[in-house]
Amino acid sequence: MKAVIVGGGILGTALAYRLTTEGVDVELFEAGRLGGATSAVGAGWLNSGGKEPFEYHILNVHGMAEYATLAREFGHAPWYHASGNLKWTTSDKADEIRAHAERLRSWGYPVELLSPKRVNEIEPCLRVPDDVTQVAHYPWEGLADLTQLIGALAQRASANGAEIHTNTRVASLVTEGDQVTGVTLADGTTVSADVVAMCTGRWSDEVARTAGVDLPMAPSLGFNIYTGPAPVVLTSMVHTPDVNFRPDGSGRVMARTKEFDDAVPIDGAVDPIPDVGKEILARAVKYLPGLEGVPIEGARVAYRSIPGDDRPVVGQVPGRPGLYLLVTHSGGTMGPLLGRLAALDIAHGERDTRLARFGPGRIVKV
Ligand SMILES: Cc1cc2nc3c(=O)[nH]c(=O)nc-3n(C[C@H](O)[C@H](O)[C@H](O)COP(=O)(O)OP(=O)(O)OC[C@H]3O[C@@H](n4cnc5c(N)ncnc54)[C@H](O)[C@@H]3O)c2cc1C
């Protein structure tokens, strides 16, 4: 079986690796560089904190667990940090965090409520405000360095025989009758395949349209800043009422806030750093005083790859044999798992029951 994968983000490279381990010939086409689009800006927070309904929650929980499996399989996993998540709210919303913790616990998802003193044993550089008495700790959650993981997946896929082409845009899908039989590249070359798997992130509606498939997408903007190296030790993801941050290597910190997500409506690197970036850093300094005086090294914006109903789209397109979709938000958390489940589906027709509610039939029109 020959598979063409369109897109070299976390989903495309996870699928490429897993298809090669299932004995499928793989050719992957990426318009830019591997992991250079949404996956480069995603926070890589591995979580299932507020994800409903239950079937979606479980897919995310199993997505988190898949990282430990992949880490064992690879032997060396510098891209995976089982470092937990800390979250507090303003004192008037303390009840909300307790209720949220109860709901997650009732689903078997551990949440501890810690004193600020205990938090400082875990994260000594963090300053929890005086009026906060309880901090939620989500010990199963963690962080991934997605671009690095994408490199590791692509390297292993190549070692297993996959051909990976960067800076090679797919101009359109090729159809013969209803069947999708391959892709046409921007230079006019046609590449045939038994199956074409679209891992095209937020561009998925555009690519699907070339085969007469309507896939509604609802992308939203996200804006992150990245500091220079700071004299701080930080291992966890941290959520505060007005800013969220994570370690980003060599003392660097990545920070963002939902409030400013769409303040800079461009796509890619942001230069010069806008005032909202400086405001995000000022907020982070309140909780990580070691960031005081540390410059912002960069800022980036990306569109989230969100299907129209905010749920994963994984599977063969009804009415378009040969066309497989693998498109989701929270692809950091679920990417390695969905890549493996999709590979089993494509290679052997083994459809995992966890995907039952997430097939394309519910959302696409052909
Ligand atoms: C600000 C922000 C924060 C986020 N935080 C988290 C988080 O904490 N946890 C989490 O789990 N998720 C998070 N996400 C979501 C997660 O990052 C994405 O779901 C994931 O990266 C999507 O991966 P992908 O491979 O589908 O898309 P992408 O990484 O965008 O890859 C798709 C690739 O397809 C290529 N492509 C598109 N069209 C073509 C074509 N015609 N020909 C060839 N190549 C093509 C593109 O160049 C791109 O490289 C966040 C996203 C954002 C923006």
Side-chain angles (χ1 to χ4, degrees), residues 4-16 27-51 59-60 63-64 66-67 85 141-147 149-150 153-154 164-173 183-186 191 196-210 217 219-226 237 239 244-246 254-258 260-262 264 267-268 299-307 310 312-314 325-339 342:
V4 157
I5 298 175
V6 190
I10 184 62
L11 291 171
T13 52
L15 178 62
E27 203 165 358
L28 183 152
F29 297 100
E30 162 54 50
R33 65 183 166 92
L34 291 177
T38 303
S39 297
V41 182
W45 168 38
L46 310 177
N47 77 95
S48 188
K51 300 186 180 172
L59 207 54
N60 280 271
M64 291 154 64
E66 186 80 3
Y67 271 84
N85 170 36
E141 298 183 5
L143 291 167
D145 299 329
L146 285 187
T147 315
L149 171 56
I150 286 166
L153 289 164
I164 296 186
H165 310 271
T166 53
N167 298 310
T168 309
R169 197 173 70 79
V170 165
S172 62
L173 304 169
V183 295
T184 301
L185 307 180
V191 181
V196 176
M198 279 179 42
C199 302
T200 34
R202 54 160 287 219
W203 295 274
S204 296
D205 48 357
E206 291 170 25
V207 180
R209 204 172 295 131
T210 67
M217 295 289 292
S220 70
L221 279 167
F223 171 70
N224 299 337
I225 62 156
Y226 306 84
M237 180 79 214
H239 286 84
N244 309 325
F245 47 88
R246 61 157 285 179
M254 189 200 102
R256 54 181 300 274
T257 173
K258 199 173 169 48
F260 298 144
D261 257 354
D262 51 11
V264 187
D267 199 357
R300 283 188 71 85
V301 172
Y303 283 88
R304 294 181 180 83
S305 160
I306 308 182
D310 201 16
V313 181
V314 185
L325 299 182
L326 184 48
V327 183
T328 191
H329 183 48
S330 290
T333 303
M334 294 184 289
L337 173 69
L338 293 182

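These numbers were taken from a predicted model, which means no experiment stands behind them. Counting convention: from 1, in listed order, for ligands and their atoms alike.
Taking each of L221, L338, T333 in turn, the one with a heavy atom nearest to atom 11 (O) of ligand 1 proves to be T333. The nearest non-hydrogen atom to atom 36 (N) of ligand 1, considering only T13, T200, V41, V183, comes from T200. Nearest to atom 44 (N) of ligand 1 by heavy atom, out of G12, P312, G44, A31, is A31.
At the shortest separation from atom 27 (O) of ligand 1 among protein heavy atoms lies G201 CA, 3.8 Å. Annotation: atom 22 (C) of ligand 1 to nearest protein heavy atom, S39 OG, 4.1 Å. Regarding atom 53 (C) of ligand 1, its nearest protein heavy-atom neighbour is R304 CG, 3.6 Å. Here the protein heavy atom with the shortest distance to atom 35 (C) of ligand 1 is E30 OE1, 3.3 Å. When hydrogens are left out, the protein atom nearest atom 17 (O) of ligand 1 is G42 CA, 3.5 Å; that is the closest non-hydrogen contact. Annotation: atom 6 (C) of ligand 1 to nearest protein heavy atom, A43 N, 3.6 Å. Protein heavy atom at the shortest distance from atom 18 (C) of ligand 1 is G331 N, 3.8 Å. The nearest heavy-atom contact from the protein to atom 7 (C) of ligand 1 is W45 N, 3.6 Å.
With no hydrogens or angles considered, a side-chain donor-acceptor pair links S220 and R304 at under 3.5 Å.
Of all atoms in ligand 1, numbered sequentially from 1 with element shown, those under 4.0 Å from a heavy atom of F29 are 43 (C), 44 (N). Close approach of ligand 1 to G332 is summarised as follows: ligand atoms under 4.0 Å from at least one heavy atom of the residue are 10 (C), 11 (O), 12 (N), 16 (C).
Using a 4.0 Å heavy-atom cutoff, G36 is absent from the residues neighbouring ligand 1.
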